[in-house]
Amino acid sequence: MTIEEKFGAVLKSVRNSKGLSQEELAFSANLHRTYIGSVERGERNISLKNISLICKVLEISLSDFFMEIETINKAL
């Protein structure tokens, strides 16, 4: 699993736990819905700026978000 795929999996998990659709997340972060989908599928190398925007909308700190990714790394 690539880092992009791990990032996407965590993004999808956190987004779902907050009860948001891809469209709602995209709108709140001022991003396009298809962009969120491609990030969740691990097809994009997302910028730090967009990571920060998304984490702010999801109300999760950057460190907590990346700790979730680290959890996946340890499980593999």
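Along the sequence shown, the residues carry numbers beginning at 1.
Closest approach of Leu62 and Ser52 over heavy atoms only: CD2-CA, 4.1 Å. Taking each heavy atom of Ala29 and Leu53 in turn, the nearest pair found is O-CD1, 3.8 Å. Of all the heavy atoms in Asn16 and Leu20, the pair that sits closest is OD1-O, 4.3 Å. For Val39 against Arg44, the heavy-atom pair with the smallest separation is CG2-CB, 4.1 Å.
Other residues, nucleotides and ligands place no more than 12 heavy atoms under 6.0 Å from the NZ atom of Lys56. Heavy atoms of other residues, nucleotides or ligands lying less than 6.0 angstrom from CZ of Arg33 number 12 at most.
Exactly one residue among Ile46, Leu25, Asn50 makes a side-chain contact (heavy atoms from CB on, under 4.5 Å) with Ile36. That residue is Leu25.
Looking at Ser38, its side chain does come within 3.5 Å of a backbone N or O of Tyr35 through a donor-acceptor pair. Here the side chain of Ser13 pairs no donor or acceptor atom with the backbone of Val10 at under 3.5 angstrom.
The CD atom of Gln22 sits 7.5 Å away from the NZ atom of Lys12 when rounded to the nearest 0.5 Å. For the atom pair Arg15 CZ and Leu58 CG, the distance stands at 9.0 Å (nearest 0.5 Å). Residue Glu5 holds its CD atom at 13.0 Å from CD of Glu40, rounded to the nearest 0.5 Å. Between Leu31 atom CG and Glu23 atom CD the span is 13.0 Å, to the nearest 0.5 Å.
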Ignoring hydrogens and angles, write down the donor-acceptor pairs under 3.5 Å from the side chains of residues 67-76, residues two or more places apart or on other chains.
{"unit_1": "Glu70", "atom_1": "OE1", "unit_2": "Asn73", "atom_2": "ND2", "d": "3.4"}
{"unit_1": "Thr71", "atom_1": "OG1", "unit_2": "Met67", "atom_2": "O", "d": "3.0"}
{"unit_1": "Asn73", "atom_1": "OD1", "unit_2": "Lys6", "atom_2": "NZ", "d": "2.3"}

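Placement of Leu11 and Phe27 in two distinct hydrophobic clusters is found when ILVMFWY residues are connected by side-chain heavy-atom separations under 4.5 Å, directly or transitively.
For Ser63, the side-chain contact (heavy atoms from CB on, under 4.5 Å) criterion is met by Ser61, not counting sequence neighbours.
A 4.5 Å side-chain heavy-atom check between Phe65 and Ile54 finds every atom pair outside the cut-off.
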